[in-house]
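Since the structure is predicted, the reported quantities are computational estimates derived from the model, not experimental observations. Counting starts at 1 for both ligands and their atoms, following the listed order.
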Amino acid sequence: MGATSHGVPAIRLEGITKQFGGASDAAAVAGIDLEVRDGEFFSLLGPSGSGKTTTLRMIAGFERPTSGRIFLHGEDVTDLPPFDRDVNTVFQDYALFPHMSVAENVAYGLEVRHVPSSERAVRVKDALRMVRLEGYDSRRPAQLSGGQRQRVALARALVNRPRVLLLDEPLGALDLKLREEMQIELKAIQSEVGITFIYVTHDQQEALTMSDRLAVFNRGRIEQIGAPAEVYEHPLTAFVAGFVGSSNLIAAEAAQALLGKAGRFAIRPEKIRLGEPTDKVGADEHSALGKIKTVVYLGAETRFIIALDMGGDLMVTQQNLKESSMEALSAQGRAVRLTWKRGHVLTLADDPQVAPA
Ligand code: ATP
């Protein structure tokens, strides 16, 4: 690629919408603007049905937008078929050919494009090395574990050397432990190959772990785009505050009573300190009295639901530095004082797009 492509985003979506049914049906994608930088690991994060997969399929060319334009490295590809776009997709169900060996599966795309067999062999070997599957060339998919099959699917996409790789919940079928291992590996592979990854997931932990930046989807719209820490520490809307990590949402009378101001706010449960009712409250802190209503022991931490004396509940999480499960669970019913730093109160936008739950 020439110097002209420098600084041009890998993907640009301009006013993209997708309406599947008639005009009266809610749009699957309801107006999206997005820029993904070249070489980024970018996640589309959101709950089921929020429009992530439809957006990915429009970038791939499997679905046509109802309106809006799609640019890949500056070129308008909106009207191009999938095979004329410099992208490859890795699906959750792997879609491997069961009767072919690992090497044949990986080589397939090159064969279709008539890449000479000597070059094919080198590129297949290289792709299998990237996904750490050297020596597995002659195995059949049925002789592999779920994680290994996922790697073959990845190698099959990487071997084509696309500039953009689209991944739709690629780890969805794996158990938690393997999933966490693959998250770290995928990220390492992406850094190694330097290809732009667009990664669809509904798992906020996964998106926070792997992404350079992410877009949070809700009902066909993007509510926030940013780096993981930025989105977690400064959620712009109530939806983002609740979907990325957990949050106590505080609005209306509760905001007046607890925080002394009107508006919509959020406090992360891990920012609230659980203490004795007699504890002193600092000048830079807010405080409320209550009783422990529910205790959920989670191993590394404990989650408490506190019924406030003034009405309403707050969730608090504490790391289990010393407490055993017995001690944590026996806290139920205890009177407590909650305190949190004023600086940890997050101010949310009164976003009209965020429909009340
Ligand atoms: P998931 O994580 O469950 O895949 P998602 O965020 O990827 O969810 P989409 O698959 O993009 O969401 O779906 C968005 C909306 O569009 C949903 O309401 C879905 O039912 C609808 N939809 C998706 N594909 C079609 C289709 N081919 N025909 C009609 N409606 C569709």
> Just wondering, do Lys18 and Pro65 contact through their side chains at under 4.5 Å, heavy atoms?
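Not in contact.
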> State whether the number of non-hydrogen atoms from other residues, nucleotides or ligands found under 6.0 Å of Gln256 atom CD is greater than 12.
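Yes, the 6.0 Å shell around CD holds more than 12 heavy atoms from other groups.
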> Does any N or O of ligand 1 fall below 3.5 Å from an N or O anywhere on Thr54, backbone included?
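Looking only at distances, the answer is yes, because the N/O contact criterion of under 3.5 Å is met.
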> How many angstroms lie between atom CD of Gln183 and atom CE of Met210, to the nearest 0.5 angstrom?
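These two atoms lie 5.5 Å from each other.
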> Report the distance from atom CG of Leu249 to atom CZ of Phe265, rounding to the nearest 0.5 Å.
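Taking CG in Leu249 and CZ in Phe265, the distance rounds to 12.0 Å.
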> Does Arg156 count as lying over the ring of Phe97, i.e. NZ or CZ under 6.0 Å from the six-ring centre, within 45 degrees of the axis?
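Yes, a cation-pi geometry.
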> Using modelled atom types only, decide if a donor and an acceptor are shared between the side chain of Ser43 and the backbone of Leu214 within a distance under 3.5 Å.
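Checked: no pair found.
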> Which residue from Phe62, Phe20, Phe217 reaches closest to atom 29 (C) of ligand 1 through any of its heavy atoms?
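Among Phe62, Phe20, Phe217, the closest heavy atom to atom 29 (C) of ligand 1 comes from Phe20.
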> Do any nitrogen or oxygen atoms of Thr53 lie less than 3.5 angstrom from nitrogen or oxygen atoms of ligand 1?
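Checking ligand 1 against Thr53, an N or O pair does fall under 3.5 Å apart.
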> Give me the residue, atom name and distance of the protein heavy atom closest to atom 3 (O) of ligand 1.
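Atom 3 (O) of ligand 1 sits closest to the protein heavy atom Ser48 OG, 2.6 Å.
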> Using 4.0 Å as the upper bound for N to carboxylate O, is an ion pair formed by Glu35 and Arg213?
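No, no charged N to carboxylate O under 4.0 Å.
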> Do me a favour and list the nearest non-hydrogen protein atom to atom 2 (O) of ligand 1 with residue, atom name and distance?
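In this structure, atom 2 (O) of ligand 1 has Lys52 NZ, 3.0 Å as its nearest protein heavy atom.
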> Do Ala28 and ligand 1 have an N or O pair less than 3.5 Å apart?
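Between Ala28 and ligand 1 (N or O atoms, distance only) the closest approach is not under 3.5 Å.
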> Could you check atom 12 (O) of ligand 1 against the protein and tell me its nearest heavy-atom contact, residue, atom and distance included?
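Looking only at protein heavy atoms, the one closest to atom 12 (O) of ligand 1 is Gly51 N, 3.2 Å.
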> Counting heavy atoms only, name the option from Gly220, Ser50, Gly49 that's nearest to atom 18 (O) of ligand 1.
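The nearest heavy atom belongs to Gly49.
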> Is it the side chain, the backbone, both or neither of Pro47 that has a heavy atom closer than 4.0 Å to ligand 1?
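Contact part for Pro47 vs ligand 1: backbone (N, CA, C, O).
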